[in-house]
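Numbering of residues begins at 1 and proceeds along the displayed sequence.
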Amino acid sequence: WAASHRREINIAVSDALGLALIVSGYLYYANRQEAQAGVLFGQALAKYDRLAADKAKAAREVSADFRRIIGEYGGTSNGRMAALVYANLCYAAGDFAQAAELYKASLERFADQPLIHFQILKSLGYTYEGLKEPAAALPYFERALAVADKTLQDDLLFQIGDLAARLGNKAKSEETFKRLLSEFGDSPYANLVRQRVEG
């Protein structure tokens, strides 16, 4: 049988070897890309640390470094993490517009990692507050609340209640603050709400 089907066997073996070469080539390339992204990421962080006394200047100085990592290695785990770290650096430097852009891009990249996804949603809420856009901030805090661990909800409830009040939605604000007081009576945020009511 083998002799009479030699041609088919040779083709099957050649195909299997070809596939193995393609897979091993891809794995080598992916590992090399990951390693290179890691090296560049480390260098960018070290550069930022040297300049960190002035956060705004430091963020500007490392912008090209992080942009290169994001552009060339955005598909690697180090590239995705670099984009998120750079968003945090931009936020700390007061560059809220840049931070918002990077956080939004990171939302999809970390959709399969609930804790990081939650932190990005929360960060987007604060970023849009920094941009003085309460209407844009509110939905991100609401989305963060929907996936938050119970122990992390008091801050979000306060932010939502405060934003709703600023946007003129008194009923939503009161409802949210009541939930905060009933579920998190010992929270510092509950004390802030009580002071507001008393004031």
Side-chain angles (χ1 to χ4, degrees), residues 41 44-45 48-49 51-60 62-63 66 70 77 80-199:
F41 188 17
L45 286 174
Y48 179 84
D49 286 341
L51 304 166
D54 182 342
K55 292 189 186 314
K57 181 183 177 184
R60 286 193 304 272
V62 297
S63 175
F66 276 97
I70 296 165
S77 59
R80 290 191 294 273
M81 192 54 71
L84 185 53
V85 167
Y86 184 47
N88 291 337
L89 298 182
C90 289
Y91 180 89
D95 187 353
F96 300 123
Q98 184 78 265
E101 175 192 321
L102 290 160
Y103 282 135
K104 282 193 281 190
S106 292
L107 263 181
E108 189 178 317
R109 295 180 183 131
F110 289 96
D112 60 341
Q113 297 184 43
L115 185 57
I116 296 177
H117 192 74
F118 160 74
Q119 290 292 347
I120 296 170
L121 288 169
K122 190 174 172 181
S123 296
L124 273 163
Y126 282 114
T127 300
Y128 278 106
E129 279 205 277
L131 287 167
K132 311 288 189 228
E133 296 181 30
L138 182 58
Y140 286 110
F141 283 125
E142 290 174 330
R143 286 172 63 187
L145 179 64
V147 297
D149 184 86
K150 184 74 173 174
T151 58
L152 303 172
Q153 291 180 351
D154 58 337
D155 168 38
L156 295 166
L157 287 167
F158 180 79
Q159 298 301 330
I160 292 166
D162 182 57
L163 286 169
R166 283 194 268 157
L167 291 167
N169 192 339
K170 187 178 178 184
K172 179 172 186 165
S173 177
E174 287 178 356
E175 179 188 336
T176 307
F177 283 149
K178 280 180 186 174
R179 180 179 167 190
L180 173 59
L181 291 171
S182 68
E183 295 181 21
F184 302 96
D186 296 332
S187 165
Y189 294 101
N191 291 333
L192 285 173
V193 170
R194 289 190 195 98
Q195 288 169 17
R196 264 192 193 193
V197 172
E198 291 166 5

Next on the checklist: Side chains of Tyr103 and Leu84, heavy atoms from C-beta outward: is any pair under 4.5 Å?
Outcome noted: yes
Checklist outcome for this item: d(Tyr86 OH, Ile70 CD1) to nearest 0.5 Å is 7.5 Å
Item to check | Step-by-step side chain to side chain contact (heavy atoms under 4.5 Å, CB included) determination, Leu152 to Phe118 | outcome: CA-CA 10 Å; Leu152 303 172; Phe118 160 74; 3.6 Å; yes
Checklist entry - Any idea which heavy atoms bring Phe110 and His117 closest together, and the distance? => result O-CB, 3.5 Å
Checklist entry - So, for Lys55 and Ala93, which heavy atoms are closest and what is the spacing to 0.1 Å? => result O-CB, 3.6 Å
Item to check | Test: Arg196 and Asp162 ion pair at under 4.0 Å | outcome: yes
Check residues 123-133 and write down every donor-acceptor pair under 3.5 Å in which the side-chain atom is one partner and the other belongs to a residue at least two apart or another chain.
{"residue": "Ser123", "atom": "OG", "partner": "Gln119", "partner atom": "O", "Å": "2.8"}
{"residue": "Tyr126", "atom": "OH", "partner": "Asp155", "partner atom": "OD1", "Å": "2.8"}
{"residue": "Tyr126", "atom": "OH", "partner": "Asp155", "partner atom": "OD2", "Å": "2.9"}
{"residue": "Tyr126", "atom": "OH", "partner": "Gln159", "partner atom": "NE2", "Å": "3.4"}
{"residue": "Thr127", "atom": "OG1", "partner": "Ser123", "partner atom": "O", "Å": "2.7"}
{"residue": "Tyr128", "atom": "OH", "partner": "Lys104", "partner atom": "NZ", "Å": "2.8"}
{"residue": "Glu129", "atom": "OE2", "partner": "Arg166", "partner atom": "NH2", "Å": "2.5"}

Item to check | More than 12 heavy atoms from other groups under 6.0 Å of NZ on Lys150 | outcome: yes
Let me have the donor-acceptor pairs involving side chains of residues 139-149, under 3.5 Å, with sequence neighbours excluded, atom names and distances please.
{"residue": "Glu142", "atom": "OE2", "partner": "Lys172", "partner atom": "NZ", "Å": "2.1"}
{"residue": "Asp149", "atom": "OD2", "partner": "Thr151", "partner atom": "N", "Å": "3.0"}
{"residue": "Asp149", "atom": "OD2", "partner": "Thr151", "partner atom": "OG1", "Å": "2.6"}

Checklist entry - Counting only heavy atoms not in Glu175, do more than 12 fall under 6.0 Å of its CD? => result no
Next on the checklist: Tell me the closest heavy-atom pair linking Leu102 and Ala87, and the distance in Å.
Outcome noted: CB-CB, 3.5 Å
Checklist entry - Which pairs, with at least one residue in residues 105-115 and sequence neighbours excluded, count as a salt bridge (Lys or Arg N to Asp or Glu O under 4.0 Å)? => result none
Checklist entry - Roughly how far apart are Leu181 CG and Asn191 CG, rounded to 0.5 Å? => result 9.0 Å
Item to check | Distance in Å, Cys90 SG paired with Arg60 CZ, rounded so as to fall on 0.5 Å steps | outcome: 11.0 Å
Checklist outcome for this item: Rounded to the nearest 0.5 angstrom, the CZ-CD1 distance for Phe177 and Ile160 is 10.0 Å
Item to check | Heavy-atom side-chain contact between Phe158 and Thr176 under 4.5 Å | outcome: no
Checklist entry - Can you say whether the rings of Phe41 and Phe66 are parallel (under 30°), tilted (30 to 60°) or perpendicular (over 60°)? => result perpendicular
Checklist entry - For Val62 and Ala44, which heavy atoms make the closest approach, and how far apart are they? => result CG1-O, 3.7 Å
